[in-house]
Number of protein chains: 2
Amino acid sequence: MTVVDPASGSLAHLGLARSAVTGSTTAERAANAVREEVVEGRLRPGTRLPDTELAELLGVSRNTMREAMSQLVTERVLVRHPNRGVYVATPNIDDVRDVYRARRLIERAAIRWGEDADPVRIAALRAAVTEGQKAVAAGDWPAVASANQHFHRALVALAGSPRLEQQMALLLAEMRLIFHRMPEVREFHEPFVGRNDRVCALIEQGDREAAEQELADYLDEAEAQLLEAYAKL
Amino acid sequence: MTVVDPASGSLAHLGLARSAVTGSTTAERAANAVREEVVEGRLRPGTRLPDTELAELLGVSRNTMREAMSQLVTERVLVRHPNRGVYVATPNIDDVRDVYRARRLIERAAIRWGEDADPVRIAALRAAVTEGQKAVAAGDWPAVASANQHFHRALVALAGSPRLEQQMALLLAEMRLIFHRMPEVREFHEPFVGRNDRVCALIEQGDREAAEQELADYLDEAEAQLLEAYAKL
DNA sequence: CTTGTAGGATTGTTGAACAATCCATATGCT
DNA sequence: AGCATATGGATTGTTCAACAATCCTACAAG
């Protein structure tokens with residue numbers, strides 16, 4: 001009865017923790033629940049998501065579920081194949097390139113043209129670095145990945161623009177999808193903790209230009225590694 | 001029966017040209033129709049949009065209409081006041097500041113770090129400049145405003161990133177909303193046609209740094225003018 | 001082996017219904 | 001009169017049930 005597609009398997013095994021999900025409207029809560037499942041990797045890229053099945057799992061109506069899914073489609077977390085269903089997005093090599101193109105521009109610009117001396121924002125950046133170092137020490141690799149995300153979010157926050165922060169949040173969600181296509185989480189994220197420290201230190205010293213250059217190299221290397229991994233399929 | 005709210009008046013007078021509207025799904029078409037009405041200024045900022053009324057006007061069901069409106073809310077074209085309705089967004093002075101903050105970062109970065117010599121993209125930029133000059137010569141001020149938008153879109157296109165272009169499209173849609181709160185379209189847009197030419201010329205000469213600086217001044221001045229106009233309410 | 005044609009399933013869309021919430025008005029009290 | 005409270009109507013938020021359109025699969029025919 002329940003159709004199982006090649007890339008996924010049934011959805012029934014998912015916890016879809018309804019409890020911890022926040023959001024004011026029902027559709028919003030449903031979207032948050034599914035987004036979390038996706039970015040946490042419990043729903044793998046390529047998984048098909050029939051609205052009727054998800055609606056039942058989350059205890060909402062099909063209409064509400066469809067509204068939530070439309071939302072996630074605009075966020076690029078899901079993709080819609082008209083008349084064929086909605087799937088967890090499967091970023092390809094061009095997506096990787098474009099996400100890095102956008103990140104390079106936004107993050108470098110945030111360093112170069114962000115508020116020059118905002119102690120509280122720089123402290124937040126430092127906190128993200130520390131978080132990553134502690135996670136490495138503890139050997140908690142998912143936490144390392146999270147800390148990395150917090151670092152880049154804090155970097156863009158230097159620009160002081162809610163709109164840019166929101167855009168960055170989207171790009172980072174897409175990054176998690178990209179990572180979930182290649183599961184060597186540990187090897188990938190660990191070396192960047194040290195580079196985060198270096199970028200942060202340069203910003204603390206007020207040398208924005210050097211920080212920007214360091215970050216540019218950093219992003220180039222990360223992209224190159226991902227592209228290589230993606231080339232092997 | 002039809003409630004008329006202070007800021008708007010009834011919606012019945014709108015053409016809501018169903019014919020020219022494209023889009024694959026019904027909700028998409030409905031969203032496009034409403035977005036067009038808003039950015040073209042036929043639906044003024046602050047106008048209340050009852051779903052039932054809009055659904056009837058567009059000939060779609062209420063469910064579909066609500067999905068379309070949710071989409072426009074995420075685009076910041078509309079805002080939702082929970083349990084109180086959906087309204088055409090009314091950007092305030094902080095929104096103006098933030099939109100310009102984001103634009104300054106993205107547009108300057110696109111100039112500085114865009115593909116250095118992409119003749120076709122630079123030609124598109126030049127075309128937008130010419131379009132503006134022709135519009136000025138013809139005294140067609142709405143066309144001047146459109147050409148300006150095309151110019152800035154072409155600027156971001158230098159970066160070669162679809163994701164950034166999409167983000168820019170959102171920011172430009174918001175700009176139109178900002179303009180519609182102060183109707184001196186002519187006085188505002190005309191002086192910038194010359195500056196577009198200067199920026200474009202500098203890029204054509206390969207002097208990215210000067211172009212970037214010129215654009216930074218340009219955006220600062222535009223923002224200052226808008227903030228002044230907004231301060232007067 | 002290709003073409004064509006049902007069959008079944010899922011998506012896209014609609015209409016109607018109902019609870020929850022808000023606004024404005026009317027009511028009652030001091 | 002002035003103010004708090006109750007009440008009614010309207011709109012939003014959400015659900016349910018239905019149906020048309022589309023697609024995939026399997027099977028039959030050439």
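Below, chain A is the first sequence line, B the second, and so on; all start at residue 1.
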Using a cut-off of 4.0 Å between protein heavy atoms and nucleotide atoms, how would you tag nucleotides 12-20 of chain D 5' to 3' with B, S and -?
BBBBB-B--

What is the distance, rounded to the nearest whole Å, between atom CG of B:Leu58 and atom C1' of C:dT13?
15 Å

Using 30° and 60° as the class boundaries, would you call the ring planes of A:Phe179 and A:Phe188 parallel, tilted or perpendicular?
tilted

Counting only N and O atoms by type, is there a donor-acceptor contact under 3.5 Å from the side chain of B:Asn148 to the main-chain atoms of B:Gly132?
no

Strictly under 6.0 Å, is that where the ring centroids of B:His152 and B:Phe192 end up?
no

Rounded to the nearest 0.5 Å, how far apart are CD of B:Glu67 and CZ of B:Arg62?
14.0 Å

What's the verdict on salt bridge (Lys or Arg N to Asp or Glu O under 4.0 Å) for A:Asp220 and A:Arg104, showing C-alpha distance, side-chain angles and the deciding distance?
CA-CA 8 Å; A:Asp220 284 343; A:Arg104 255 192 305 269; 2.8 Å; yes

